[in-house]
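Worth knowing before you read on, the calculation uses all heavy atoms, side chains too, and leaves out hydrogens, waters and symmetry mates. Since we're looking at a predicted model, the values are computed, not measured. Atoms within each ligand, like the ligands themselves, are counted from 1 in listed order.
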Amino acid sequence: MERTFIMIKPDGVERKLLGEIISRIEKKGFRIIRAKLFQPDRELVEEHYIEHKDKPFFEEIVEYITRGSVMAMEVEGDSAIEMMRNMIGATDPKKALPGTIRGDFAYSISENIIHGSDSKESAKRELKLWFG
Ligand SMILES: Nc1nc2c(ncn2[C@@H]2O[C@H](COP(=O)(O)OP(=O)(O)OP(=O)(O)O)[C@@H](O)[C@H]2O)c(=O)[nH]1
Ligand SMILES: [Mg+2]
C-alpha cells in the first residue's frame, strides 16, 4: 500500500469537477484517507512548488493556486503514486490522453485541474506539508 498527495486545483473546484474526480479515484479502487477543502495561502503554495521557483511561470502558478479553494487529499492504494499520475495525464493538455482527468477536462497548460505527487519522496514531503 502506498499513499500519495492529490490536490484538485481552484479551476477544478470552480468548474464543479470535485464529484467527478473523487468518483474516478474511488471507482479505481483507491481510498481517500484525509481531505480538506480550503483556500491555501501563498507560503504553503510557494513551498509546495519550490522545485519550480526559478521558472518564469512560478508567480503565475502561485497566483493560480491561491485564488480560491482547493481540495487537498491523501489517497491510498497499491502503486497509488504512479497510478494516480497515469489517471491524471500529461501536464500539457495537447499530450494528455482522452480517458485521463486532464485529457478529458483540461484545455490549458497552466490551469490543469489536478496535482498528484510524482515520486515517493514528493508524496512524503507534500503530505507532511499539507496535512502535518
Ligand atoms: N504557465 C505555465 N504553467 C506551467 C508550465 N509548465 C507547468 N506549468 C504549471 O506548473 C505546474 C507544475 O508543473 P510540473 O510539475 O512540471 O507538472 P505536473 O507535475 O504535471 O503538475 P503538478 O502535478 O501540478 O506538479 C503545472 O501543473 C502547471 O500548472 C508552462 O509552461 N507554463
Ligand atoms: Mg509536478
Item to check | Atom CZ of F131: over 12 foreign heavy atoms under 6.0 Å | outcome: yes

What pairs of donor and acceptor atoms, side-chain ones from residues 21-29 against any protein atom, are under 3.5 angstrom apart with sequence neighbours left out?
unit_1: S23; atom_1: OG; unit_2: K27; atom_2: NZ; d: 3.3
unit_1: R24; atom_1: NE; unit_2: E20; atom_2: OE2; d: 2.8
unit_1: R24; atom_1: NH1; unit_2: G99; atom_2: O; d: 3.4
unit_1: R24; atom_1: NH1; unit_2: D104; atom_2: OD2; d: 3.2
unit_1: R24; atom_1: NH2; unit_2: E20; atom_2: OE2; d: 3.3
unit_1: R24; atom_1: NH2; unit_2: D104; atom_2: OD2; d: 2.8

Checklist entry - Taking any residue with a non-hydrogen atom under 4.0 angstrom from an atom of ligand 1, which ones do you get? => result K9, Y49, H52, F57, E60, I61, R85, T91, R102, I109, S110, N112, H115, G116

Next on the checklist: Do I109 and F57 sit in one hydrophobic cluster, given that two such residues count as connected whenever their side-chain heavy atoms are within less than 4.5 Å of each other, even indirectly?
Outcome noted: no

Checklist entry - Do E111 and R67 meet the salt-bridge criterion of a basic N to acidic O distance under 4.0 Å? => result yes

Checklist entry - Charged N to carboxylate O below 4.0 Å: is that the case for R42 and E59? => result yes

Checklist entry - Below 4.5 Å, heavy atoms only, C-beta onward: do V62 and F58 meet side chain to side chain? => result yes

